[in-house]
Amino acid sequence: MKFSLRPQEGAFYEMFSRAAQNLVRGTELLSELALPGADVQSVSERLADVEHDSDQITHELYNKINSTFITPFDREDIYRLGSGLDDVMDHLEAVGNLVYLYGLTKLPALPREMIEMIDVLDQQAKVTALAMPRLKQMKGLKDYWVECNRLENDGDRTYRMLLVRLFSGEYDALTVLKMKEVADELEAACDAFEHVANTVETIAVKES
Amino acid sequence: MKFSLRPQEGAFYEMFSRAAQNLVRGTELLSELALPGADVQSVSERLADVEHDSDQITHELYNKINSTFITPFDREDIYRLGSGLDDVMDHLEAVGNLVYLYGLTKLPALPREMIEMIDVLDQQAKVTALAMPRLKQMKGLKDYWVECNRLENDGDRTYRMLLVRLFSGEYDALTVLKMKEVADELEAACDAFEHVANTVETIAVKES
Amino acid sequence: MKFSLRPQEGAFYEMFSRAAQNLVRGTELLSELALPGADVQSVSERLADVEHDSDQITHELYNKINSTFITPFDREDIYRLGSGLDDVMDHLEAVGNLVYLYGLTKLPALPREMIEMIDVLDQQAKVTALAMPRLKQMKGLKDYWVECNRLENDGDRTYRMLLVRLFSGEYDALTVLKMKEVADELEAACDAFEHVANTVETIAVKES
């Protein structure tokens with residue numbers, strides 16, 4: 001492996017940006033599930049492709065860390081940010097896969113609160129994608145992590161209302177269990193976005 | 001923001017102590033759920049107030065880290081301890097909120113093991129509140145983390161016995177699912193207390 | 001406590017190896033559950049013994065960190081690796097205990113996917129046990145963490161297929177809930193092995 005002595009910071013920021021843009025693609029695919037007559041199998045397969053692409057980016061990132069002498073910030077924080085973005089993608093992909101595997105689209109519609117959670121995730125993805133290029137100047141990041149945490153609170157409240165609906169007696173026990181799995185992945189994705197925001201906050205605090 | 005050059009360690013210890021005292025208030029509120037005829041809505045609302053106060057403390061703490069030149073120990077450990085205490089509060093608040101949202105108090109009584117878990121949490125809160133002021137001298141902390149871990153083991157055993165009861169056929173499936181959610185938050189609170197204790201241990205090891 | 005000034009690296013590697021060998025004992029005990037007429041109580045009790053032994057090793061390790069002046073790598077990473085290995089053991093022990101407590105062996109057989117997950121865990125345990133002694137030379141570790149992550153992906157896929165089976169209507173709701181708890185512990189063990197591999201990767205990256 002060829003070692004670079006000059007800092008090549010640009011490559012890192014570019015990889016974070018690409019990873020975050022993939023998350024936007026992921027949440028947009030999930031948003032299709034809200035549409036009547038959505039093709040869930042196709043959504044699930046396209047999500048798997050995006051997730052595969054994210055894995056590639058994470059892999060490149062790790063190689064870059066190992067072959068770069070001077071990194072823009074702590075190696076460990078680069079790892080944490082990269083794996084944090086990757087975690088979000090894993091949960092998004094799981095949502096699509098579970099909705100497909102469990103055949104949940106045979107229901108007339110997904111519960112309204114589930115669609116709301118997907119919308120929260122889509123907003124989190126978008127603020128994250130806008131924040132990544134700003135890492136370079138370490139400016140304007142506070143607005144991002146505050147907003148991302150606020151969205152996570154929204155998601156958490158919606159998750160609780162979703163559980164209230166699931167446990168209300170409207171669905172049979174097995175359907176409840178299936179939707180609970182999907183709800184948990186949605187909530188984990190929401191948390192994983194917050195975790196990314198917290199990592200960015202930690203990096204910004206160290207650099208300030 | 002005005003930057004302080006003199007170490008103002010006292011302010012940090014005071015914030016950790018206030019956060020831990022809020023946890024004691026939180027577990028005492030949960031203990032009310034064990035009483036016959038408990039007003040669950042009121043418990044849930046007062047827990048939300050305490051949680052809101054804890055958020056404020058965490059916010060102050062983070063600002064203090066950013067505006068202080070010399071911190072009593074690693075910035076990252078201060079973050080971790082602050083966010084760890086905040087995590088416990090989130091789980092305590094969730095317990096109250098879920099018991100209320102799911103209308104679980106329409107049952108004759110909460111399962112005995114659930115009350116026992118609240119009691120374990122109350123003991124964890126109390127040893128944590130006693131330990132926080134001792135961070136200043138870094139003395140007498142080992143007893144705290146050993147005890148907090150021991151309590152977590154107790155909580156874990158009780159949690160398993162609670163699940164055995166929930167799955168025994170004594171309750172209908174939807175009630176089981178609701179109580180399972182509450183049980184999981186109780187267990188997560190127990191774990192979060194252990195996580196705080198582990199953070200204190202890490203800090204003490206570094207300073208020794 | 002007597003402080004040692006000479007590095008006693010050997011003791012650390014030996015403790016990591018013993019901890020990992022205990023994980024192999026743990027997964028081998030779980031493999032007994034796949035056999036017809038398995039004595040689940042005995043498996044659960046022997047697992048509890050192995051877990052107790054692992055706790056002792058972790059305890060020794062922590063004492064060693066505190067009483068050693070020069071450690072082979074960062075104190076925090078030693079902690080993380082030690083507690084990571086301990087976490088795996090906790091989940092393995094939980095699997096045995098829950099299968100016993102819930103009386104799941106009254107079923108004709110455990111679901112095939114559950115046995116497959118135990119097999120994945122057994123392979124993860126074995127590659128981990130082979131990797132620990134290699135920490136000393138920091139050589140040949142990449143193969144380990146790549147393989148351990150690959151196995152975790154296998155486990156994840158199997159876990160999803162297990163849930164599809166559990167929610168298919170083949171079992172009654174309470175049996176589903178019991179098996180779901182066991183499945184979650186199996187999946188958490190699988191993740192915990194991956195976490196150990198990630199910790200080893202982090203250590204290797206720092207040392208390279």
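To find a chain, count down the sequence lines: A is the first, B the second, and so on, and within it residues start at 1. We use all heavy atoms of the structure for the numbers below, so side chains are in, but hydrogens, waters and symmetry mates are not. As the structure is a prediction and not an experimental result, all values here were calculated from the model.
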Choice from B/Ile65, B/Asp172, B/Asn97 maximising heavy atom contacts with chain A below 4.5 Å: B/Asn97
Would you please classify the geometry between the B/Phe16 ring and the B/Phe73 ring as parallel, tilted or perpendicular, with 30° and 60° separating the classes? parallel
Checked B/Ala94, B/Ala173, B/Ser83 vs chain A; the most non-hydrogen pairs under 4.5 Å come from B/Ala94
If one checks every heavy atom of A/Leu177 against chain B at 4.5 Å, the contacting part turns out to be side chain
Side chain, backbone, both or neither of A/Val164 within contact of chain B (heavy atoms, under 4.5 Å): both
Is B/Arg157 salt-bridged to B/Asp154, going by a charged N under 4.0 Å from an acidic O? yes
Do A/Ile203 and A/Thr199 touch side chain to side chain, with heavy atoms closer than 4.5 Å? yes
Given side chains that start at C-beta, do those of A/Leu104 and A/Leu98 come closer than 4.5 Å, heavy atoms only? no
